[in-house]
Protein chains: 2
Amino acid sequence: MKSYGQFCALARGLDVIGDRWTLLIVRELLVGSRRYSELVDGLPGIATNLLAERLRSLDEAGVVVRDTEGRYRLTEWGQGLSEPLYAIARWAAPLMSAPIGDDAFRSPWLALPVAVIFSGVDPRRPRLTVEIRAGDTPVTIESRSGRVWVEPRSAQSPDLVLTGPPDAIVGLLMGALDAAGAAQHGVTVEGDLQELENLRTQPGSVEVVPVDE
Amino acid sequence: MKSYGQFCALARGLDVIGDRWTLLIVRELLVGSRRYSELVDGLPGIATNLLAERLRSLDEAGVVVRDTEGRYRLTEWGQGLSEPLYAIARWAAPLMSAPIGDDAFRSPWLALPVAVIFSGVDPRRPRLTVEIRAGDTPVTIESRSGRVWVEPRSAQSPDLVLTGPPDAIVGLLMGALDAAGAAQHGVTVEGDLQELENLRTQPGSVEVVPVDE
DNA sequence: CTGCATCCGGGCCGATACTG
DNA sequence: CAGTATCGGCCCGGATGCAG
């Protein structure tokens, strides 16, 4: 990308991550390291030459590295993009109430709204395992030691299983739909939905910013 | 911009703000409402047709409105972009240690590092007025009632005046330069620099997220 | 003078084909 | 599997024109 040529942190940051597709590539890598073909699958619509070119420039900028097994992963600095990325997703949340239409969906993308909704540490948060079946592969939401984690796999013995179309699942997670509304949109619930509600950080709780681990 | 066609908050957000120049336009409007010509001046390098086109699409998306006097301003939703924008700037801070080179500079851009460095409310933060003379026009940093504000004007009776080249001023603000290093780079200080240090939020302080006002 | 619109060359994007 | 090559088209960038 051509540099903006401005002595400004925003402009210089956008010189690195402002190109089309770049932040979506980072979204994929935030979940974990990925192979080239996995990135292609997680980024429906991207041209393969563009993906290669973006990975190359992200490598040069120090955001991404390619390890010995040929997998791509974020550098420590690249991991720091989670904050800007979550901030954009949080800001864009109202846009998710528009129907899914012909938009593509991949279940690992659920990690994003979950990270936005259940961010931070709350020691009062109960232990819980939730399996979500929306889209191609199941994902597991797990709450332990006050934090909420998302992984792209099925759960061993989930306390709660949600099944349904992606937009209704996301609407339910984000509070745009209640249990009745979600059911109307084809969501089925196995277990007690209230347990999921209990995962939300309470207003009076102390939010501790996690140190790097 | 062509939509990514992905049911994902990040992708849908980038459908709105992912275009080249768009976030820099928002940066300009975060400081306050601006006329078209003021935007052109604050965005060195932008083509006028691109600015017009971006403003139009931001208007359609509900991020920007044009008021009766022909001035552009952010909607309430548009103001919400401050968080993603600050997050990107915070992430990109290391890039600001590279020399300014041929990069353009406008003093209102100082509002960004100041917002990043002195964000949040700290009741123990002392009252202070600082005038910064870097680039074309002076800006004033003011600390009152625990918060720090930046405005593109000169101060009435500043407690502290910093004068110097933009990169050295930013380096000093961000802690990449100390007093001696900044002096070496041409920064002159009238007043006690320690007072500026006292503005930084103390680690033990309670950070209160401001409610909308 | 402000606030754009038009025009045009060049570069980036997007889709597909192809290769080690 | 992991990209490279190619090419049409659209978007960007810079200059200029022009209406209120």
Side-chain angles (χ1 to χ4, degrees), chain A residues 1-6 8 10-11 14-29 32-61 63-73 102-104, chain B residues 1-6 8 10-11 14-29 32-61 63-74 102-104 106:
Chain A
M1 135 170 293
K2 189 185 174 186
S3 166
Y4 285 109
Q6 297 187 358
C8 160
L10 178 67
L14 291 175
D15 283 345
V16 176
I17 57 162
D19 257 324
R20 191 161 162 80
W21 289 107
T22 300
L23 277 183
L24 297 187
I25 293 171
V26 173
R27 173 195 70 192
E28 293 300 303
L29 294 176
S33 73
R34 289 290 165 91
R35 314 181 54 141
Y36 189 87
S37 55
E38 294 172 324
L39 288 172
V40 170
D41 185 63
L43 294 162
I46 198 173
T48 61
N49 59 340
L50 274 191
L51 176 56
E53 207 272 329
R54 294 294 183 271
L55 288 170
R56 204 177 307 134
S57 64
L58 284 174
D59 187 355
E60 286 170 13
V63 176
V64 158
V65 287
R66 190 181 176 194
D67 65 19
T68 53
E69 298 168 4
R71 302 179 66 86
Y72 293 93
R73 61 177 72 247
D102 291 333
D103 282 1
Chain B
M1 134 169 292
K2 188 185 174 186
S3 167
Y4 286 109
Q6 297 186 359
C8 161
L10 178 67
L14 291 175
D15 284 345
V16 175
I17 56 162
D19 257 324
R20 190 162 163 78
W21 290 107
T22 301
L23 277 183
L24 297 187
I25 294 172
V26 173
R27 173 195 70 192
E28 293 300 303
L29 294 175
S33 73
R34 290 289 165 93
R35 310 183 53 131
Y36 188 87
S37 55
E38 294 172 323
L39 288 172
V40 170
D41 185 62
L43 295 162
I46 197 172
T48 60
N49 59 341
L50 273 190
L51 176 56
E53 207 270 330
R54 294 294 183 273
L55 287 170
R56 202 178 310 131
S57 64
L58 284 175
D59 187 355
E60 287 170 12
V63 175
V64 157
V65 287
R66 193 179 175 192
D67 65 19
T68 53
E69 297 167 5
R71 302 180 67 86
Y72 294 92
R73 61 177 71 249
L74 294 171
D102 291 332
D103 282 2
R106 298 289 184 277

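Just so it is clear: chains get the letters A, B, ... in the order the sequence lines come, proteins before strands, and each one is counted from 1. Note that this is a predicted model, so its numbers are computed, not measured. Atom set for the values below is all heavy atoms of this structure, side chains included, hydrogens, waters and symmetry mates excluded.
Applying the 6.0 Å contact sphere to CG of Asp67(B) captures more than 12 heavy atoms from other residues, nucleotides or ligands.
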Task: CA sep, side-chain torsions, deciding dist, call: Arg20(A), Lys2(B), side chain to side chain contact (heavy atoms under 4.5 Å, CB included) - done: CA-CA 10 Å; Arg20(A) 191 161 162 80; Lys2(B) 188 185 174 186; 3.9 Å; yes
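Regarding Arg66(A), its CZ atom lies at a distance of 10 Å from the C1' atom of dC1(D), rounded to whole Å. Regarding Leu43(A), its CG atom lies at a distance of 12 Å from the P atom of dG14(C), rounded to whole Å. Counting to the nearest Å, the P atom of dC4(C) and the CG atom of Leu55(B) are 7 Å from each other. Rounded to whole angstrom, the span from the CD1 atom of Ile46(B) across to the P atom of dA15(D) amounts to 15 Å. Rounded to an integer number of Å, the gap from CG of Leu51(A) to P of dA5(D) is 16 Å. One can place OH of Tyr72(A) at 8 Å from P of dA2(D), the figure rounded to the nearest angstrom. Atom C1' of nucleotide dC12(D) and atom NZ of Lys2(B) are separated by 17 Å, given to the nearest angstrom. Separating the CG atom of Asp41(A) from the P atom of dG3(D) is a distance of 16 Å, rounded to the nearest angstrom.
Distance from the side chain of Leu50(B) is smallest to dC12(D) among dG3(D), dC1(D), dC12(D). Set against dG13(D), dC1(D), dG3(C), the side chain of Trp21(B) has dG13(D) as its closest nucleotide.
Asn49(A) contributes no side-chain N or O that forms a donor-acceptor pair with the base of dG3(D) under 3.5 Å. Thr48(B) contributes a side-chain N or O that forms a donor-acceptor pair with the base of dA5(C) under 3.5 Å.
Arg35(A) has no carboxylate O lying under 4.0 Å from a charged side-chain N of Glu69(A), or vice versa, which leaves the two without a salt bridge. With respect to the salt-bridge test (charged N to carboxylate O, under 4.0 angstrom), the residues Glu28(B) and Arg106(B) do not qualify. Using a 4.0 Å cut-off between charged side-chain N and carboxylate O, Asp59(B) and Arg66(B) make no salt bridge.
Residue Arg54(B) is classed as a sugar-phosphate contact, given heavy-atom separations below 4.0 Å to backbone atoms only. Here Gly45(B) lies in heavy-atom contact (under 4.0 Å) with sugar-phosphate atoms only. Contact annotation for Ala52(B): backbone-only contact, meaning every heavy-atom pair under 4.0 Å involves sugar-phosphate atoms and none involves a base.
Position along DNA chain D of the nearest nucleotide to Arg56(A) versus Asp19(B) favours Arg56(A) as the more 5'-ward residue.
Dashed line: the shortest gap from a side-chain N or O of Arg35(B) to OP1 or OP2 of dG3(C) is under 4.0 Å.
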